[in-house]
Amino acid sequence: MVKKLPQYDDVQIETTYVFGTPEVLAQNWDAEILVARGMTHDVLKELFPEKHVIRIQLSSFDIFDALVQCRHEHAKKIALCIHNIEINCLKDLEQACGASITIYDVQNEMTTEEAVSKALADGADVFVGAGTMCGICDRMGLKRIHIHTKHDAVEIAMIEALNTARTINLERARADIIRIMLNHSEEGVLAINGQGKIVNINNQAYRVFQLTTVGEVIGQPAEPLVSTVEWKDFLKNNSEKEKILRIKGKDYYVQYKPLNEEELETGALIFIRSTDRIIEEERKIRKGLSEKGLTAKYTFKDILGHSRAIRENIQMAERYSRVNSNVLIVGETGTGKELFAHSIHQASKRSNQPFVALNCAALPENLLESELFGYEAGAFSGAAKGGKVGLFELAHRGTIFLDEIGEIPIILQAKLLRVLQEKEIRRIGSTSVHPIDVRVISATNINIEEKIKEGQFRSDLYYRLNLLDITIPPLRERKEDIQELVDAYLTRFACEMGKSIPKVTPEAARLLTEHSWPGNVRELRNICERLIVLNDTDVIDAELLRQLKIFREDKCSVHAISEEEDPDSVYSRLKPKKKKKDLAEELGVSRTTLWRMAKRQSELEKKRREQQES
Ligand SMILES: Nc1ncnc2c1ncn2[C@@H]1O[C@H](COP(=O)(O)OP(=O)(O)OP(=O)(O)O)[C@@H](O)[C@H]1O
């Protein structure tokens, strides 16, 4: 009957003939959208306020068509019983029909009956109207003409109904997504209205309150469930609140957020999270961060040594933790500069924020720049698709530790200085800047002042980095720490390896104290580890130190290798055979020092080649 309707797979259309009293119309419709004409439309709308009821509009043409048919009935006086319609051209219509026309306004079945009776008394001989009127006329044996609705009007109403159906379905799909999201949330979520009644609850909250039937609590007061909560005060004050509540024997972290969005009734959302879960998640996050190197591992408690120098350094560093100024830590390799940097961060107000460490000597200039400042997508060929967040951005609100700062290329020094001055960074290839709040702790084992004199380090940057400074003396200058460090490391490694803790004889202790420790604490730590691995007795004596050739690297470690004019160093002899990690251990140096040695080595080789060529 209706042509060219848009097709929707998920919409079902049914047609039915309804006629009669509101009681008849009030049958159980399972349709969500009803399409009807005239009085039927009005009655259905009143009976089903929650449904969409769409009106099929009667057109003047439909009425005209019905009136013209009255000619065939030889009408003299036509009664037009119609609902809520205005006709301006009555005179023309009367002429076209050849009869007088009286309009009777009808609202429902009762008023239609009254109108028909009145029209009859007024002398009407033909009645024109809709289905209800026709039914009454048929009962009374009166001549009547039914106003039929044209296809076009039905089609327009059906299109409106289908569009409404589409909107309903879209809304429903959206609501389904929100429901699924809510139900997949690890948090229990409860929405309460201004009267403290539950208007919505997700699956997780059902579990928390151990409810069994879905919908059991909707419309019920929230009070028995969250009885300990002064939600009334909270609604009154319209402020957020958080509490730890014990619900069904378990602890939950509960947050209340007031809801007074314009279109929503004032109420609140209650979020409920298991405290066990929060702790577990935090642990995972910390683990994730530490795997990425974003957390500090050490505190001042990890720094051993009772020498005056080390104690004074710790005291000073503790004071530095309380402020935000940049710190420069100076000391030979392996003296514990990184340990101090971690500890300062951990004792500072930034301890819950990231600690990001970077060795400036370990990367070539271009990589170092992108590592520090990040880059935009497509900033250069080979750049990662989504761009890259730089370490400064990663360290926002926390601390960045720039080890081997003396090695930073002069071009990057200018950029770093700008970052420290402006407190904002610009990624490579980006036009915009990001404000950052990062504390910089840097470390060096070279004399930066010398580098400044040589024009290789900017003095303005040095003063920015060196607002506070710590100088850690080498181990050979604080021999009183050696015994404590040896005891601590022997104990630690023996426990880790399930061996008994060996006793160090006085002679062995003397040898250990007299050793020059060019690799400082790192070297001492490595030697202690070797002693535990290689020794199966309970004693460490001088003979064992000699047998195990414990100090065999003495002549070959940093000092020996630092003689730049000696390219035939132990480093170059060992290098081809070793992995970087093993080599660093063998030489008793850090991987950075190793990298520096490699760099120096290749510079020397280059120089030698150039000399040979010239
Ligand atoms: N005072 C100390 N107490 C305990 N352990 C220490 C101490 N000083 C250094 N160490 C240990 O020695 C090793 C080297 O320390 P760290 O990496 O902090 O030195 P560094 O000065 O930063 O070295 P590099 O300049 O070579 O990077 C680490 O295992 C660290 O835990």
Side-chain angles (χ1 to χ4, degrees), residues 293 296-318 327-346 355-363 399-408 441-448 469-493 496 512 517-530 532 553 557-559 561-562 571 580-581 583-600:
K297 287 186 281 196
Y298 308 108
T299 68
F300 287 120
K301 286 203 190 86
D302 296 305
I303 303 177
L304 303 175
H306 275 85
S307 61
R308 200 166 147 192
I310 215 79
R311 286 296 114 195
E312 280 178 2
N313 272 341
I314 292 176
Q315 272 176 19
M316 207 187 303
E318 277 172 339
V327 183
L328 178 69
I329 308 173
V330 184
E332 282 181 16
T333 183
T335 45
K337 298 184 291 297
E338 184 160 353
L339 202 58
F340 268 87
H342 279 245
S343 308
I344 293 172
H345 172 80
Q346 286 285 57
F355 176 85
V356 178
L358 176 75
N359 193 308
C360 302
L363 294 173
T399 305
I400 191 164
F401 173 54
L402 300 177
D403 202 0
E404 305 267 345
I405 190 75
E407 302 291 334
I408 190 165
I441 302 182
S442 37
T444 179
N445 52 19
I446 59 168
N447 187 337
I448 295 194
D469 68 338
I470 294 175
T471 303
I472 310 175
L475 208 45
R476 63 185 171 278
E477 288 174 21
R478 47 185 172 104
K479 288 189 178 292
E480 60 272 45
D481 288 340
I482 294 174
Q483 188 63 51
E484 183 185 338
L485 284 162
V486 168
D487 288 346
Y489 279 124
L490 288 179
T491 308
R492 183 198 296 180
F493 291 122
E496 274 177 22
L512 288 166
W517 299 110
N520 292 294
V521 186
R522 181 180 292 106
E523 183 190 358
L524 181 144
R525 183 184 184 278
N526 291 350
I527 283 181
C528 291
E529 189 172 356
R530 287 186 60 205
I532 297 295
E553 294 89 7
S557 56
V558 198
H559 289 322
I561 296 160
S562 63
Y571 166 78
K580 265 193 204 126
K581 185 170 163 279
L583 183 55
E585 257 168 42
E586 182 95 348
L587 297 172
V589 296
S590 69
R591 289 226 261 175
T592 316
T593 306
L594 194 73
W595 185 87
R596 217 177 19 250
M597 288 172 176
K599 199 170 144 196
R600 197 157 53 220

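Every heavy atom of this structure was used, including side-chain atoms; hydrogens, water molecules and symmetry mates were not. We count ligands from 1, going down the list as the structure has it; atoms in each ligand are counted the same way. Given the structure is predicted, the values throughout are model-derived calculations rather than measurements. FYI, the numbering just counts along the sequence from 1.
When each atom of ligand 1 is checked for a heavy atom of Asp403 under 4.0 Å away, the hits are 27 (O). Taking a cut-off of under 4.0 Å to the non-hydrogen atoms of Tyr489, the atoms of ligand 1 that pass are 4 (C), 5 (N), 6 (C), 10 (N), 11 (C), 31 (O). Which parts of ligand 1 touch Asp302 is read off a 4.0 Å heavy-atom cut-off, strictly below it: atoms 3 (N), 4 (C). Taking every non-hydrogen atom of Glu332 and a distance limit under 4.0 Å, the qualifying atoms of ligand 1 come out as 21 (O). Contact atoms of ligand 1 toward Ile303: 1 (N), 3 (N) (distance under 4.0 Å to a heavy atom of the residue). Atoms of ligand 1 lying under 4.0 Å from at least one heavy atom of Asn445, given by number and element, are 25 (O). Which parts of ligand 1 touch Arg525 is read off a 4.0 Å heavy-atom cut-off, strictly below it: atoms 29 (O). Shown in contact with Leu485 at under 4.0 Å from a heavy atom are these atoms of ligand 1, numbered in order with element: 3 (N), 4 (C).
Nearest-residue assignment for atom 21 (O) of ligand 1 (options Glu523, Lys297, Lys337; heavy-atom criterion): Lys337.
Considering both main-chain and side-chain atoms, Leu339 comes within under 3.5 Å of ligand 1 through a nitrogen or oxygen pair. Some N or O of Leu304 is nearer than 3.5 Å to an N or O of ligand 1, by distance alone. For ligand 1, none of its N or O atoms has an N or O atom of Ile310 under 3.5 Å away. Geometrically, ligand 1 and Thr333 share a nitrogen or oxygen pair separated by less than 3.5 Å. Distances between N or O atoms of Arg478 and those of ligand 1 include no value under 3.5 Å. Considering backbone and side-chain atoms together, Arg522 places an N or O closer than 3.5 Å to an N or O of ligand 1.
Between Asn359 and Glu407 there is no side-chain heavy-atom pair separated by less than 4.5 Å. Residues Trp517 and Ile527 have side chains in contact (heavy-atom distance under 4.5 Å, counting atoms from C-beta outward). Under the 4.5 Å side-chain criterion, counting only non-hydrogen atoms from C-beta, Val330 is not in contact with Asp469. Between Ile310 and Ile472, the closest side-chain pair of non-hydrogen atoms falls below 4.5 Å.
Leu475 pairs in a side-chain contact (heavy atoms from CB on, under 4.5 Å) with only one of the listed residues (Lys479, Arg478, Glu477), which is Arg478. When each of Ile482, Asp487, Asp481 is tested with Leu485 by the rule side-chain contact (heavy atoms from CB on, under 4.5 Å), just one qualifies, namely Asp481.
Of the possible polar contacts, none joining the Asn526 side chain to the Glu523 backbone as a donor-acceptor pair under 3.5 Å is found.
For Arg308, the salt bridge (Lys or Arg N to Asp or Glu O under 4.0 Å) partners two or more places apart in sequence, or in a different chain, are Glu312. Ala488 is linked by a side-chain contact (heavy atoms from CB on, under 4.5 Å) to Leu304, counting only residues two or more places apart in sequence or in another chain.
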Side chain to side chain contact (heavy atoms under 4.5 Å, CB included) evaluation trace for Phe355 with Ile400: CA-CA 6 Å; Phe355 176 85; Ile400 191 164; over 6 Å; no

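Contact annotation: Ala443 has no heavy atom less than 4.0 Å from any atom of ligand 1.
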